[in-house]
Amino acid sequence: MSYKASVIKLAINMTPDYVMRCVTNLILKDIAKLTDFTFDLNSRTAQVTFNLSGDPEPITVSVNGFEMTNEDGRHNFILHKAESDRQWVHAILNKVAGKGWKIPVIPRFQSKIDLVAEVLSASDQ
């Protein structure tokens, strides 16, 4: 693993969850409010609870396993398993879990995508 990827992983692991909630809530203002967030890059798990604007009931999504692969310069993001306490969200997650999402090749951003792939790669475990 490169030095850059190691530093990024360390920064991600050291970022407090409340900072992530604050930043996310700024970005999603008037759409949703993130009320709970846990993320562990080492165990590749995440749990998110949020309220959609206008919806009184919170939605919880749990992710158990994710990675980004690099095969011959082509990147795929794979969500291994995800669940939700809302049936419609759970159904969507079941449709996408276990499948590779192809990341398009954009020459201008390729070095950044390569770095993200290195950080999210499961091979360094």
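Sequence positions, counted from 1, serve as the residue numbers for this chain.
Hydrophobic cluster membership of Ile31, counting Ile, Leu, Val, Met, Phe, Trp and Tyr whose side-chain heavy atoms lie under 4.5 Å apart directly or via other members: none, as it forms a cluster of its own. When hydrophobic side chains of Ile, Leu, Val, Met, Phe, Trp and Tyr are connected at separations under 4.5 Å, Tyr3 ends up clustered with Val7.
Atoms CG and CG, from Leu28 and Leu52 in turn, are 9.5 Å apart once rounded to the nearest 0.5 Å. One distance of note links CE of Met20 with OG1 of Thr38; it measures 11.5 Å at 0.5 Å rounding. Distance check, rounded to the nearest 0.5 Å: CD1 of Ile12 to CE of Met14 gives 12.5 Å.
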Problem set entry | Chi angles and distances behind the side chain to side chain contact (heavy atoms under 4.5 Å, CB included) call for His75, Val116 | CA-CA 10 Å; His75 299 291; Val116 170; over 6 Å; no

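Note on residues 52-74: pairs passing ring-ring contact (aromatic ring centres under 6.0 Å, His included), not counting sequence neighbours, are Phe39-Phe66. Within the structure, every pair that satisfies the side chain to side chain donor-acceptor pair (under 3.5 Å) test and touches residues 85-97, not counting sequence neighbours, is listed here: Asp55-Arg86, His90-Asn94.
Leu120 and Leu10 end up in different hydrophobic clusters when Ile, Leu, Val, Met, Phe, Trp and Tyr side chains are linked at under 4.5 Å. Under the 4.5 Å side-chain heavy-atom criterion for Ile, Leu, Val, Met, Phe, Trp and Tyr, Phe77 and Val96 are members of the same hydrophobic cluster. Hydrophobic clustering (ILVMFWY, side-chain heavy atoms < 4.5 Å, transitive): Trp101 and Val105 are in distinct clusters.
Residues that satisfy the side chain to side chain contact (heavy atoms under 4.5 Å, CB included) test with Pro16, not counting sequence neighbours, are Tyr18, Val19. Taking the salt bridge (charged side-chain N to carboxylate O under 4.0 Å, His left out) definition, one finds that Lys81 meets it with Glu83, sequence neighbours left out. For Ser2, the side chain to side chain contact (heavy atoms under 4.5 Å, CB included) test picks out Lys4, Ala5, Leu115, Glu118, with sequence neighbours left out. Listed by chain and number, the residues in a salt bridge (charged side-chain N to carboxylate O under 4.0 Å, His left out) with Asp36 amount to none (sequence neighbours excluded). For Val61, the side chain to side chain contact (heavy atoms under 4.5 Å, CB included) criterion is met by Phe50, Ile59, Val63, Ser84, Val89, Leu93, not counting sequence neighbours. For the side-chain hydrogen bond (donor to acceptor under 3.5 Å, both in side chains) test, no residue two or more places apart in sequence or in another chain qualifies with Ser6. Partners of Ile78 under the side chain to side chain contact (heavy atoms under 4.5 Å, CB included) rule, at least two apart in sequence or in another chain, are Glu67, Thr69, His80. Remark: Thr49 pairs with Thr60 by the side-chain hydrogen bond (donor to acceptor under 3.5 Å, both in side chains) rule, at least two apart or across chains.
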